[in-house]
Amino acid sequence: MGFKEKLKAKLPQLLYYLTMVMFLMPVIPRGVRPVFIAFYAIGAVCSKIMDKEPFKWGYFLLNSSLFLMYIVSLSYTEDISYGMRKLSTGVTLLIFPLVIACMSKRSITYILSKRYDLMWLYIIATLILNIGAFIIFSQHYSFDEVIRHFVNIIRSDISGWKIHPIYLSMHICVSIIFSLFLVHKGLNWKKLLVLVIMNLVFIAFLLIMIKKGPIIALILVAAYLVLMFKNIKLYIVFGLGVIGLVSVIIFNPKVNERFSELLQVQDTDASMTNSTNIRYSIYKCVSSVIPHAGITGFGIGDGKNQLINCYQEDSKFLADNRYNSHNQYTGIILYVGYLGLLLFSSFLLYHIVRAFSRKNYLFIAILLFYCVVMFSENILERENGVLFFAFFINLFLMLDYNYEKRRPQKVDKIISF
């Protein structure tokens, strides 16, 4: 067997190893990530060439439609420099649809067959990120200071790992969602005990950061999965979790204060800057600017500038900090108008309906989680949001095609839209 034949035989395993790296991304420094993503794309192209499979054009165009619209918007935006930076941040919206559109069915089948092992990797990586950061901070601050200021120092005091607490909370929530799938699949008591301990640590960090959007999204998705799985163990775990969370919200002053903000809404200024008030003031400007966005928006470079102009009139604090729209759907309208929102909504609705019809609960859970978070965050405008959204959505979407249950002789039939 020559080198080419050996490479072809081993390519699914090689792509699986690269997929393992993708699931370890939470602990991989940001500067190194593009290198591994490039290798992943090269491996996918090689699998397409060696297995002689056609490119999935329908899949690629639908899943990358938002990013393609962003590119088109450069033709009518004025701030080209800022627009190019935003494209650079969101390029995984193009890369991962390209990767999956190229990747051979043989490789996809092999990777998806090991998805539960990959979930363990992501859970472990997220745990290492949280505990590792906490240990590093403890060397410079007291324990109480780390607890009180973790949300601030995690985004500034750790080179290569720094991350906004919203996105760290999202990593934790996705890890907990993966944990529910692992429990549903079935674990021996040792693994189950380890997983429970890991999730208790995750919950502790969620309560340290107290980011309401991801927590609410997690509760909604967990409730959905518990109802779908009809697993008595999950009923018990979810029930105890909800009771514990409600108890913490009621009896812990700091947590109670953060959730009480939802009921205390007013305009923000330098002396009144909780997250709810900030969002309220942002949404006032968004609602006044959006009607002027039209069908195609202001362009990828100018959408945020339109908001900044409004902030300068209503809130200097918001203008100085250059806040985005804090709602991904309105952010899309600002950049590429109602046409862009229509394309993105079509992408979401098509795949969610398809996933429901095929009972692809993993894809549904991850997509619903991100969709709920998007109501309060522009996750597609930050690397730690868009990278994981694009990767998980495109990979788990392949479970719709049910490759694993096909006989080998039928695997060669390609699915195209």
Side-chain angles (χ1 to χ4, degrees), residues 22-27 115-116 118-131 133-134 150-151 154-155 161 163-184 195-229 234 237-242 244-246 248-249 255 258-259 262 275 326-328 361-380 382-393 395-396:
M22 296 296 109
F23 275 80
L24 290 171
M25 278 292 178
V27 291
R115 61 188 177 277
Y116 294 105
L118 294 170
M119 291 180 196
W120 274 108
L121 283 179
Y122 185 82
I123 293 169
I124 292 170
T126 302
L127 188 69
I128 291 172
L129 176 59
N130 283 274
I131 294 179
F134 195 91
F150 187 80
V151 293
I154 188 65
R155 68 174 96 179
W161 271 7
I163 180 174
H164 192 287
I166 281 286
Y167 297 96
L168 183 56
S169 297
M170 287 169 59
H171 287 330
I172 292 174
C173 291
V174 171
S175 295
I176 293 175
I177 292 171
F178 284 166
S179 298
L180 293 175
F181 280 91
L182 291 171
V183 172
H184 179 65
L195 192 62
V196 168
I197 293 172
M198 286 179 166
N199 279 268
L200 289 175
V201 174
F202 286 147
I203 292 171
F205 276 101
L206 276 181
L207 293 176
I208 288 173
M209 294 180 285
I210 321 177
K211 295 303 175 182
K212 301 183 289 292
I215 291 175
I216 293 170
L218 173 63
I219 293 172
L220 293 175
V221 171
Y224 163 76
L225 290 177
V226 169
L227 291 173
M228 290 296 102
F229 288 157
L234 291 182
V237 171
F238 181 72
L240 292 174
V242 170
L245 179 62
V246 172
V248 171
I249 292 174
V255 179
R258 290 300 306 277
F259 276 87
L262 293 172
S275 61
H326 274 66
N327 180 302
Q328 187 61 68
Y361 296 131
L362 179 55
F363 173 82
I364 293 169
I366 297 300
L367 182 61
L368 285 179
F369 172 76
Y370 283 125
C371 284
V372 173
V373 175
M374 283 183 196
F375 280 104
S376 59
E377 296 295 333
N378 295 47
I379 68 171
L380 302 185
R382 292 286 190 95
E383 180 187 320
N384 279 308
V386 67
L387 189 157
F388 294 94
F389 170 85
F391 173 64
F392 287 143
I393 294 306
L395 178 63
F396 295 143

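- Annotation: side chain of Arg155 is not in contact with side chain of Ile163 (no heavy-atom distance under 4.5 Å).
- Nearest heavy-atom pair, Ala217 versus Val372, reported as atom, atom and distance to 0.1 Å: CB-CG1, 3.6 Å.
- Partner of Phe178 under the ring pair (Phe, Tyr, Trp, His ring centres under 6.0 Å) criterion, chosen from Phe369, Phe392, Phe202: Phe392.
- Using a 4.5 Å heavy-atom cutoff, the side chains of His164 and Ile154 are not in contact.
- Heavy atoms only, all atoms of each residue included: Leu121 and Leu24 are closest at O-CD2, 3.8 Å.
- Between Leu168 and Phe205 the shortest side-chain heavy-atom distance does not fall below 4.5 Å.
- Between Leu127 and Val201 there is a side-chain heavy-atom pair separated by less than 4.5 Å.
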For Lys211 and Ile216, run side chain to side chain contact (heavy atoms under 4.5 Å, CB included): C-alpha distance rounded to whole Å, both residues' side-chain angles, the deciding distance at 0.1 Å, then the answer. CA-CA 9 Å; Lys211 295 303 175 182; Ile216 293 170; over 6 Å; no
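- The shortest side-chain heavy-atom distance between Ile123 and Ser179 falls under the 4.5 Å cut-off.
- Going from atom CG of Leu218 over to atom CD1 of Ile172 covers 10.0 Å, rounded to the nearest 0.5 Å.
- Of all heavy-atom pairs between Thr126 and Pro26, the closest is OG1-CG, 4.1 Å.
- In this structure, CZ on Arg115 lies 11.0 Å from CG on Leu182, to the nearest 0.5 angstrom.
- Remark: Met22 CE to Leu118 CG distance equals 11.5 Å, nearest 0.5 Å.
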Would Leu195 and Val183 count as a side chain to side chain contact (heavy atoms under 4.5 Å, CB included) here? Give the steps. CA-CA 9 Å; Leu195 192 62; Val183 172; 3.8 Å; yes
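- Applying the side chain to side chain donor-acceptor pair (under 3.5 Å) rule to Asn378 yields the partners Ser325, Glu381; only residues at least two apart in sequence or on another chain are considered.
- Annotation: the span from Met198 atom CE to Ile176 atom CD1 amounts to 12.5 Å, rounded to 0.5 Å.
- Using a 4.5 Å heavy-atom threshold, the side chains of Phe391 and Leu395 count as touching.
- Considering only heavy atoms from C-beta on, His184 stays 4.5 Å or farther from Leu225 through its side chain.
- Closest of all the heavy-atom pairs between Ile215 and Leu206 is CD1-O, 4.2 Å.
- Distance OG/Ser169 to CG/Asn130: 8.5 Å, rounded to 0.5 Å.
- None of Phe229, Phe396, Phe363 except one satisfies the ring pair (Phe, Tyr, Trp, His ring centres under 6.0 Å) rule with Phe181; the exception is Phe229.
- Ring geometry for Tyr361 against Tyr224 counts as perpendicular: the plane angle is over 60°, on a 0 to 90° scale with 30° as the lower cut.
- Exactly one residue among Phe389, Phe23, Phe388 makes a ring pair (Phe, Tyr, Trp, His ring centres under 6.0 Å) with His171. That residue is Phe388.
- Annotation for Ile177 and Ala365: closest pair CG2-CB, 4.1 Å, computed over non-hydrogen atoms.
- Counting only heavy atoms from C-beta outward, the side chains of Glu377 and Gln328 never approach each other to under 4.5 Å.
- Between Cys173 and Pro214, the closest heavy-atom pair is SG-O, 3.5 Å.
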